[in-house]
Structures are given as structure tokens and as C-alpha cells.
Amino acid sequence: MMDLMSQNTKGQSPAMTSPAPMRDTKEPAKMMIEVQNLTKQYSDFRALDHVSLSVRKGEFVTLLGPSGSGKSTLLNLISGMTAPTSGTITIDGTDATNMPTNKRGLGMVFQNYALMPHMTVFQNIAFPLQVRKISKEEIRRRVMDVLKLVQLEHVADRRPRALSGGQQQRISLARCIVYNPSIILMDEPLGALDKKLREDMQLEIKRLHAELGVTMLYVTHDQDEALTMSDRIVLMRNGRIEQQGSPAALYFEPETVFSADFIGSSNLFSGKLKTVDGSKALQIDGAALSVPQAQSASFADGSDAVLLVRPENVRVGGQGAASAEHNSIVATVKDTLVLGGVVRHFLTLKGGVEVIAQDLNQPGMALPSRGSEVQITWRNEDARLLPADPSFSKKQV
Amino acid sequence: MSGDAPYLTSRAGILLLAPLVILLLLFFVYPLLFTLWNSVYEGGLTVRAYEELFTSTLFYKVLRTTFVISFTATAVSLLLGYPVALHISRQPPGRRVIYLTLVMLPFWTSILVKSFALTVLLGYSGIINQMLGSISGGQLNIPMVFNRFGAIIGMINYLLPFMILSILGSLLAQDPNLARAAEVMGAGRFRIFRKVTLPLSMPGVMAGVIINFTLSIGMYITPALLGGRQDMMIANLIDFYTRQTLDWPVASAIAVVLLAISGILVAILGKVRGSQGTMGAAA
Ligand SMILES: Nc1ncnc2c1ncn2[C@@H]1O[C@H](COP(=O)(O)OP(=O)(O)OP(=O)(O)O)[C@@H](O)[C@H]1O
Ligand SMILES: [Mg+2]
């Protein structure tokens, strides 16, 4: 019965920061990575399906998506470790589609760090400099500089395995930035760290990105990480790009049910659009919801649609009758959870449809008792009408 | 930690180990002690056998031959085995199984059969010499068996799978992302091999060398069948003393010395390996 909407309770409401200030506002934006119609076909499986993507100089772009959506595949094609079936890759203005990996001049950070176990930290970081035939004194100076940057000067002579996970990850960052690649690729670099360390490292990577002005292509399947770090999020699904845009755009203006469901928590009401008294309404089990009229213009009468309402926009115990701008329905309280800063109400409508509402926690707040009937309301301007997605029907019926 | 197997009490452990321990005591420790005893007891305790041994020029000559042959065979086995292991490690799993089967094939063949097969191949009127003869008009015939070359070829044939398997183990244990990371950082194939793949495979190389060398210095049938008269190895010398001169104490003393040499070698090489244990060892 949890199914008439899909509930994404993976994360708290994400910390939304104001969009990062645009770099290079004076010069025309220079594309560092341009990928066109890139396809990767394994014998009977298409891991990447005609993907086109451009990354500007200095931009922090995150590839976000569920497991198996093709994020690593795209990254490995750009790094040259996998060859594409078709399509082109341009790196810094040069066609790199068939360029060997070691000629692409990229930096890459791996999830399991990929530090050389037989070399000391110093030797590890010196490795890419030795490849570039840089003098001994210069190598020494640059390795120590970069160790200072990641605040790990004291571990230069240790072996990687004598370091903690977080330290190892900072060393692998140091090894990557020491040769100043203009593009850095990261495949779930924080996946192996615990939550607290992950948050520290997110800040550290953000800081390095800002300080070095480097172009970043970052892979994660953690939506919170994507929302806090990126200038732009590229949401992937089944080897294609589902939607891309700023974190705010993806959160507030998802274009598909998949986007709405994947990012943030969401109430997704699916039903048929019917015109009642000249305005469209969404017919769901046992209720008719009014929908944002401007958005409904593009939907045909009788078409299947999904209404997205974020839990934090649903008010419990509100007053006021339903109107064209406002939904107001009676719901039964099933449960109320106090989660530190927020309170989460789990409710059901008359027809059995489930709704989550979220409030900020306040001292002395009166919580509705379990089983009681309350009025829930939301403004239509906070809701979004989305085309139905047949592949989501399993979750909804 | 014992916590890993809470259901296995130490008593059950002892019980489970008992059959193996008894087997080893009966067929390994007892004969060993018997040999040791034999070398120092001739109606009373004596070191006569050792005195005779250490003053015998034959013993030193055979010892030197054994070392030269074992060293050569091990070195060639390493040089031949490493590229094979490297190649196998880079195959997709399906093909790797086929190649591994081919490597293991000599294991399943009796050492006698292999030795005779090699005579057919390398002998005076063997396949290779017949071919050489037919293209050179009977001018060319290279003696390849019943000399040191033959002994070493036969030994390598036996040693190679041990070398390949232990090197392959440490190649496959390497995190493939290490080579990838090196490649992204700009390293070419040769540098990746020299700086990453090779040093990380050293534990496997050392293990292969230890196994090959200790097997070599105890080798008996192959040098006897394929080697020449002057290629007598220590094991053949033991055979000579047990069967020709019937001097069992000296034969036992040689066996004890051989065991001691093997033990010392393993200890020394193990040290080298231990000092490089920080390399690789993808535990
Ligand atoms: N060598 C291969 N042969 C066949 N299929 C492959 C191969 N490599 C990847 N795939 C498939 O391609 C799809 C995409 O894989 P990819 O590694 O890009 O996913 P991902 O988005 O990075 O997922 P995750 O979050 O789990 O890392 C997966 O379904 C995977 O099984
Ligand atoms: Mg991946």
C-alpha cells in the first residue's frame, strides 16, 4: 500500500546552497570536454546510449544516477580506458576519441585510491612528475607543496597502507593535482569513507576545485553529495542522460518522474487528468487534486500524469478550502517521526493514497496523535505536474 | 582471530588436524629422524660419515655441479616463465583457463614418460636432429641429451609450471586500477611494467625461485636419464652410496647436508622476500 506514490526517504531535505558564482564570465565559456553521441555497446547490452555532454572550463559537473546507469562507463570512455562503440570525444579542443589514455593529460581519482602499495607517499606523488621528466629538486618542491595543500606533510615517508582511509584519499587527490591536469575525473572517490569523513572530504574537494580552477567531472550515486558539490548535475538512467541542470533546477524543476523520485524526497500522485468546471484536476484514488493550471495546459484531457509535491511543502493541520491555487484534503495520521531538526508525518488519504509531510521541529510543537484526522494543504505553485512514466507504474499501482 | 570461527573449539581443531599430523609423523618426520640417526650411528655415535664426506673431492664436485645446474635451470625457468605468466594474466577468464590447463599438463604426465619423450625429441636420431640433418645434408647434429643441456631441458620442463603458477598468482592479485592509474598519469606501457607490475609481482617471483631451486637441488630421475656421466647431482650421489658402495651412513650424511642446504636457502630467500613483503602482498 506504500505504492500509490514512491517515497524517497534516502536523504533529508538537501542543503541548498546558492548557485556557485560563475567563473569566466568575461571570456566566452571554453569547453574542456565535449562528448557527442557516445555509445558503448557490450555484446548484448548497451551501457551508454548516444550521450552528448559538454563541460565548461572550471565547471564542477557531477554524473548522478543509480547503479548500472552508465556513469563509470562514461568516465572510462573519457579517460580512454574503454573504447567507444561510436561517437566522438573532444578534450580541450582536440579530438581524443582514439587517443591513448596516457596522452590525454587527465587526472583521475579512484574509489579505492589506487595508490601504489610498494611506494612511499612521496614516491607515489612523485610518480606522475617523473613520467614528465621533471628535475629531482623540482619534484621534491612540488611534492612537498602539494602535501602541504592536503595537510599531510608528516606522512611523506610512510607507505599508503599505514594511512587511514581519509588520509589515503587525500594522498590520491594530491597525486592527481601535483601535475596540474586541467581536467580531473573522479569515480565515487568518497564511496569507501564513512559519513562524517565523507562530508569533510566533500568540503576539501570543493576547496581544491575553487583554489585550482580545475575542471571537474565527478561520479556519485549519492544525491546529497551531488546537490552540495556541483555546479551542474547530469542525471543518468539506463545509459542515457535523463536531465541535466543546476542542483536547484533538478530539485525544484524535475522534468520526469524519475528525476523527481531520484532527487530529494517526494510525494508522487499518479492519476488521470480531467477537466472539471473549466480547469484540469488530477483524479487519484478517492480524491481529485487541483493542479498547477499553467503546467496542465500541455497535457491532453484524460492523459495520465503524475503530480509531484515535496514533503516540506505539505502543511499538516492547515486551514482553508480547496481552490485553484490550493489543495486541501482530509488525511489520517499513521505515524509521526521526530528526526532532530525536522518532523515527518506519514498520512493516508481516503482512497488509501499515502502522503508524507515534513515540518521544521519547534519547541513545544503539538504533534497530531496517531489515527487522528487532519487537514493537509499545499499550494499549487509548489507542485509540479509531470508526464506519467510507464516504467514507474510497477511502483505506483 | 578465534572469534572468526566460534563453533570450532580448540579440541575439535586438534581432532581435525590429527590425521594429517599422524601421517606426517609416520611418513615424514620418522624417516627424516631415521636418516639423521643413520648418519651418526654405526654401532656407536660417530662423525665418520661426515668426515669422509667433507674430505671427498667427489662430494664437492657433485655439490658444485648441483648448484650450477640448479641455478641455470631456475634462471631459465624464470626467464621463460615470467612472460608466459604475464600473458596469461592479461587474458579474459575463459581463455585463461585453457592456457592454465596447458601449463598444468606436464603435472599430469609421469616424469619418466616426459623424459623418454624428450629423448625422442632431442636425441641423436630424434625429430629435431633429423630435421637439422635433412636441411643441412647430414652435416648438422647437435647433441642435446645425455649431457648437461639435456638435464637442464628436462628439469625446466618439470619446473616451469611451478614458476608460472606462483608468478601468475601475484600478477592476478594486483589491483588492475594501479596500472590504470599509472596510465592516466601519463606512464607508457614499459614504465608501467617496470615501476608497477614487476615490483608488485616480486613475492610471486621469489616464491617461484625458492620452489624451483629447492626442487632442482633434490632432482634425481631427470638428470639421471637425460644428463651425461659428469652431470651427477647430489641425489644421484646418494643413490650411488646406497646402491653401489652400500655405505648407508655416508648416503644419510649427504641427505642431511642436502636438507640443511635447502633449509638455509629457503631461510635466506624468505628473508629477501620478507623485506619485500611490503611490496604487493595484496592480502
Ligand atoms: N565489460 C563489460 N561487459 C558487459 N557489461 C558491462 C561491462 N562493463 C560494464 N557493463 C555494464 O554496463 C552497465 C553500466 O555500468 P557502469 O559501471 O557504467 O555503471 P555505474 O553507473 O558506474 O554503476 P555503479 O554506481 O554501480 O558504479 C552495467 O549494467 C554493467 O553491468
Ligand atoms: Mg561505477
Side-chain angles (χ1 to χ4, degrees), chain A residues 43 72 75-76 78-82 91 99-120 123-134 157-162 168 171-181 183-189 192, chain B residues 82 85-86 89-96 166-209 269-283:
Chain A
S43 52
S72 299
L75 214 65
N76 291 339
I78 292 172
S79 73
M81 286 184 288
T82 319
I91 293 173
M99 198 185 268
T101 297
N102 59 351
K103 298 281 183 286
R104 297 193 184 197
L106 303 170
M108 184 154 184
V109 175
F110 294 77
Q111 173 169 357
N112 62 356
Y113 323 128
L115 294 171
M116 310 295 171
H118 59 298
M119 300 181 188
T120 63
Q123 289 166 333
N124 263 286
I125 302 175
F127 184 84
L129 300 177
Q130 284 160 351
V131 172
R132 285 163 179 73
K133 309 240 179 320
I134 291 168
D157 295 322
R158 284 202 218 157
R159 303 253 170 186
R161 81 161 111 183
Q168 287 185 46
I171 295 305
S172 84
L173 270 177
R175 182 180 66 171
C176 179
I177 60 186
V178 74
Y179 58 101
N180 298 323
I183 302 168
I184 296 181
L185 311 176
M186 298 194 182
D187 195 347
E188 310 210 13
Chain B
Y82 200 102
L86 193 62
S89 75
R90 292 180 176 174
Q91 301 305 312
R95 200 175 310 163
R96 196 185 299 151
S166 55
I167 295 174
L168 184 63
S170 69
L171 287 174
L172 290 179
Q174 288 179 27
D175 176 0
N177 276 340
L178 296 179
R180 289 194 196 125
E183 205 181 345
V184 174
M185 289 186 281
R189 294 175 60 161
F190 182 63
R191 182 188 291 266
I192 294 173
F193 176 74
R194 209 162 40 90
K195 296 287 185 185
V196 182
T197 314
L198 182 63
L200 286 177
S201 68
M202 280 322 278
V205 169
M206 293 317 294
V209 166
L269 288 174
K271 266 258 158 53
V272 177
R273 192 183 164 206
S275 70
Q276 293 177 333
T278 38
M279 299 178 158

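Just so you know, these numbers come straight off a predicted model, no measurement behind them.
Using a 4.5 Å heavy-atom threshold, the side chains of Pro117(A) and Leu178(B) count as touching. Between Arg180(B) and Met108(A), the closest side-chain pair of non-hydrogen atoms is not below 4.5 Å.
Residue Gln111(A) comes nearest to Ala192(A) through the heavy atom pair NE2-N, 4.2 Å, listed as atom of the first residue, atom of the second, then distance.
Only the side chain of Arg191(B) comes within contact range of chain A, with heavy atoms under 4.5 Å apart. Using a 4.5 Å cut-off between heavy atoms, Met116(A) contacts chain B through both its backbone and its side chain. In this structure, chain B has a heavy atom under 4.5 Å from the backbone of Leu115(A), while its side chain stays farther away. The contact between Ala182(B) and chain A is made by backbone and side chain atoms together, counting heavy-atom distances below 4.5 Å.
With sequence neighbours excluded, the residues forming a side chain to side chain donor-acceptor pair (under 3.5 Å) with Ser201(B) are Tyr82(B), listed by chain and number.
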